[in-house]
Asks: 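Encoded as structure tokens, here's the structure I'll be asking about.
Naming convention: chains lettered A, B, ... in sequence-line order (proteins, then strands); numbering from 1 in each chain. Keep in mind that what you see is a predicted model, and the values were worked out from it rather than measured.
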Amino acid sequence: MVNTPHTVLRLVGIHKRFGAVLALDGVDLNVNAGEVHALVGENGAGKSTLIHIVAGTLPPDRGEIFLAQSGARGDRSSPVSREASHTEGEEGDASALRRVQFRNGHEALCAGISAVFQELSLVGTLSVAENIFANRQPVNRWNFIRRGDLRRQTQALLDGFDIGIEPDTAVERLSVAERQVVEILKALSSRPRVVLFDEPTSSLTQRETRTLFSLIHRLRGEGTAIIYVSHHLPEVLELADRVTVLRDGRRVATLPRSDVSERDLIRLMVGRELSDIYGQPHWFPEKQAAETPRLRVAGLGRRGVFSGVAFDLRPGEIVGLAGLVGAGRTEIGRALFGLAPATEGEIWLDGRRIWPRSAGEAMNAGIAYVTEDRKALGLYLRHSVRDNLAAPWVSRAHACAVRGFSTGAGFLRDRQLDDYAEASRKRFRIVAPDVRQTVGRLSGGNQQKVLLAAWIGIEPRVLIADEPTRGVDVGARGEIYGYLRELAQSGTAILLISSDLQEILGMSDRVLVMRAGRIVKQLDRAEATEEGIIAAALGAGAEPNLRVTETQSPSTQT
Amino acid sequence: MGTTDSVLVRAWAAVKRVPEIRILLVVIAFALAMWAYDPRFLSPATINTILLYLFGFAIMACGMTMLLVSGGFDLSVGSVAALSAMTAAMLMKHPAILLAWPLAFLAGLAVGAAMGLINGWIVARVGINPFITTLGMMLLARGLTHVVSGGMSRSDFGPQFCWLGQGRVAGVQMPIIISLTLVVVADVLLRKSRFFRQNYYIGGNEQAAWLSGIAVNRIKMFNYCLSGLLAALAGLLFAARLDSAAPNQGEGDELKVITAVIVGGASLSGGKGTVFGAFLGCVLLAMILPAIRTLHIEVHWEKAVVGSILLLAVLLDRIGRKEK
């Protein structure tokens, strides 16, 4: 065993082009055994493309991938490569590397590379165990599945993650966070030499994130190489041994963690320094505190989900709603928007009592809701930018006619809709050749801008923004914060639901913290700190070291 | 040179944006090729034959397009057409009833709408998938047709009822007038009206449509109801044209209609398609039999050709999408 870092995976000159876009332009990368190698960059920088190439799910146009012949892990009969008989011997440690070409993800998996992608690959109707051991179930000599072994092995994996999931539960009955855990365990169950993580914590609770980190530390200690893609820079800095920054398909730098700060990374990613992406608040409490609240919620409850929820949103105010995943934040947003109406309590909008029972009613009352899941719930990916922007109007006969988007008889005025879409595209700086562009072809940040533009476009009096910057690169995030500030300035009250504490702290005039379906704390801008919010989210008196058991299992969505 | 090029390029780009352009070109090319082989193929008589052959499909295709655009479909249209026609026939001909024809006609339409509403209720409110639901309705309606008729055909409905299927206005037969009118109206509505345009959103992403404030369930129920109503109309006109309602009338029509709508540019996964495209799909399928006769090919080839066209249409669509 050598003491010098030993390369497990080496990429040389990887090129990949999608139509007119050069996604990767000659990227080199070395990943060592026992290293957490973070990959950061704005959306569209090429991170996802790169890890898809490593995982075998995308072929590179040019470039070579080398993999250590025998890793730190006990090797199976290694079907590493098909045309890799020639060994590379130019460099000292390269002699142990062998060129590989994967035609699909399965070949990469057999070679010891396992990936956790953002898109989940689970079968809802099958059990946790069957999902984790998909295609590799322990079998007896008649090729029948050994149920007992399957269950035991799954239980062992679950125990390592310290999470209350049963091996026999159908995956469709799990929450999003729990499914993410299953996905991770699925990737780890083949005992890979290289593990690729693509934004693994985006839907995890703080506690599960901690568990994942300790799991990653353990894997690293065992000599596994880990490639970790994340937008969340504090997370990257905490976890990574080295950080590689990609920008516009090129590798900008690979640096040891000890040499970089978050600010350095941001500068490398965007090529410019962001002074303060959250912008400055303009809200003057002394002036507006006296006014009628824009939104007043009193005693709001929905059986088994949340109860006794009460707060005010004043005109122009941005209020952050923090808490763990499953604490009931999204459910409050959905209740206010009429999607899953509350069962008790009162909602007042500008002094008028309302009780929305559908999205249409909420919109007509002046409430807009930007969903946390833009791909599944928010956007029409196969439709044009224009049609997406028109959606909140096309659904409402009266509003559509009043706004001039349809005639009194209900025939749409396409010219007006085109103009409206074009104006929105310019205002929100949506990068698309024109408004006929299919939304699914835009980058994540631009998709999110389309979603936001559609809802800000209805000129709401209250905007509920649920994770408005999830999976969005730093540049677009700054723009989105700007649009939210602008909207607040015009008098709209914003309820900002977010798991990103820096976002909550940077944007909010006040912070509400939820735990187990209740608002447990209200903090002013001046007194809010990350530690204070985490402590409240975990339960009173908790140390912010996160080793706290939750009082209740998080309630799943309806 | 350069300017003509750019004009042509721009014209081609504009033409390519017309959603029905492929099917339109195919229909025109097909018709011209047949005409080159035998000029009689485009004679008024042949065109009339083709339009008379497809009127029922065209009417049902109007409703089916709405359904496919919104991500659903309806396997029961052929059976519902037969049941509606047979209901009207029995009401007119049963010695104990002898209902006046307009009332019988309306009753037939009502039966179709009711069957469609049941489909819609099961799909939208209960949440059963459209395949199972409308497959069940297909069998149920067919069975009921046999029950009410006792398995026998009915005919001799009187000249006024038959005028709907056989009469002419300005030399054009009624079924052709009615079906073409419906196609135009349905096409304009789906293209231009706010209410119908919501179907594209539902088919594009049902969850997002709900979050956008679209009354997804209500619109789905409306679509199935409309599909049933139009199927009934097609069945009644067919009975009027033949002066006969048979228990096995329209067997297999549902698949022909779905084929035509998909050939016309719609997709089973929803979100796209137009009524005009579906109509052109009907035209293409209706031209096959006359073409086979003109070319003196065995008539048994018809189904094989229809199947090939469907597969080809889907393949071309997939290839076209990859090119973009």
Asks: May I ask you to name which of A:Gly360, A:Ala397, A:Ala454, A:Ser358 has the most heavy-atom pairs under 4.5 Å with chain B?
Replies: A:Ala397
Asks: Thinking salt bridges, do A:Asp373 and A:Arg470 make one under a 4.0 Å N-O criterion?
Replies: no
Asks: Does the distance from a Lys or Arg side-chain N to an Asp or Glu carboxylate O, for B:Asp187 and B:Arg191, drop under 4.0 Å?
Replies: yes
Asks: Does the pair A:Leu321 and A:Leu496 meet the rule for a side chain to side chain contact (heavy atoms under 4.5 Å, CB included), with working shown?
Replies: CA-CA 6 Å; A:Leu321 186 56; A:Leu496 174 67; over 6 Å; no
Asks: Out of A:Thr438, A:Asp414, A:Asn388, A:Leu377, return the one with the most heavy atom pairs under 4.5 angstrom to chain B.
Replies: A:Leu377
Asks: Quick check on the interface: out of A:Gly378, A:Ala391, A:Ala359, A:Pro392, who has the most heavy-atom pairs with chain B under 4.5 Å?
Replies: A:Ala391
Asks: Relative to chain A, which segment of B:Ala209 carries a heavy atom at a distance below 4.5 Å: side chain, backbone, both, or neither?
Replies: both
Asks: Would you say the side-chain atoms of A:Glu467 pair up with the backbone N or O of A:Thr371, donor to acceptor, closer than 3.5 Å?
Replies: no
Asks: Identify which part of A:Ala362 has an atom lying under 4.5 Å from any heavy atom of chain B, answering side chain, backbone, both or neither.
Replies: neither
Asks: Please check if the distance between the ring centroids of A:Trp455 and A:Tyr483 is under 6.0 Å.
Replies: no
Asks: Distance only, no hydrogens: is a donor on one side chain within 3.5 Å (strictly under) of an acceptor on the other, for A:Asp387 and B:Tyr200?
Replies: no
Asks: Where along residues 399-408 of chain A does a heavy atom come under 4.5 Å of chain B, listed by residue number?
Replies: A:Cys400
Asks: Considering non-hydrogen atoms only, spot the tightest contact between B:Leu230 and B:Met60 and give its length.
Replies: O-CG, 4.5 Å
Asks: Looking at chain A, which one of B:Phe195, B:Phe196, B:Trp210 has the largest number of heavy-atom pairs inside 4.5 Å, strictly under?
Replies: B:Trp210
Asks: Sub-4.5 Å heavy-atom contacts with chain A: which residues of residues 116-129 of chain B show up?
Replies: none
Asks: Cut-off 3.5 Å, side chains only: do A:Tyr380 and B:Ser212 have a donor facing an acceptor?
Replies: yes
Asks: State plainly whether the residues A:Asp61 and A:Lys16 are in salt-bridge range, i.e. N to O under 4.0 Å.
Replies: yes
Asks: Answer with yes or no whether the side chains of A:Ser499 and A:Arg329 bring together a donor and an acceptor at under 3.5 Å.
Replies: yes
Asks: Against chain B, label A:Leu379 side chain, backbone, both or neither, depending on which of its atoms sit under 4.5 Å from a heavy atom there.
Replies: backbone
Asks: Can you tell whether the side chains of A:Arg425 and A:Glu422 come within less than 4.0 Å, N to carboxylate O?
Replies: yes
Asks: Examine the side chains of A:Asp466 and A:Thr330 and answer whether a donor and an acceptor come within less than 3.5 Å of each other.
Replies: yes
Asks: Does A:Arg396 make a cation-pi contact with A:Trp393, if we ask for NZ or CZ under 6.0 Å from the ring centre and within 45° of the axis?
Replies: yes
Asks: Answer with side chain, backbone, both or neither: which region of A:Arg436 has an atom nearer than 4.5 Å to a non-hydrogen atom of chain B?
Replies: side chain
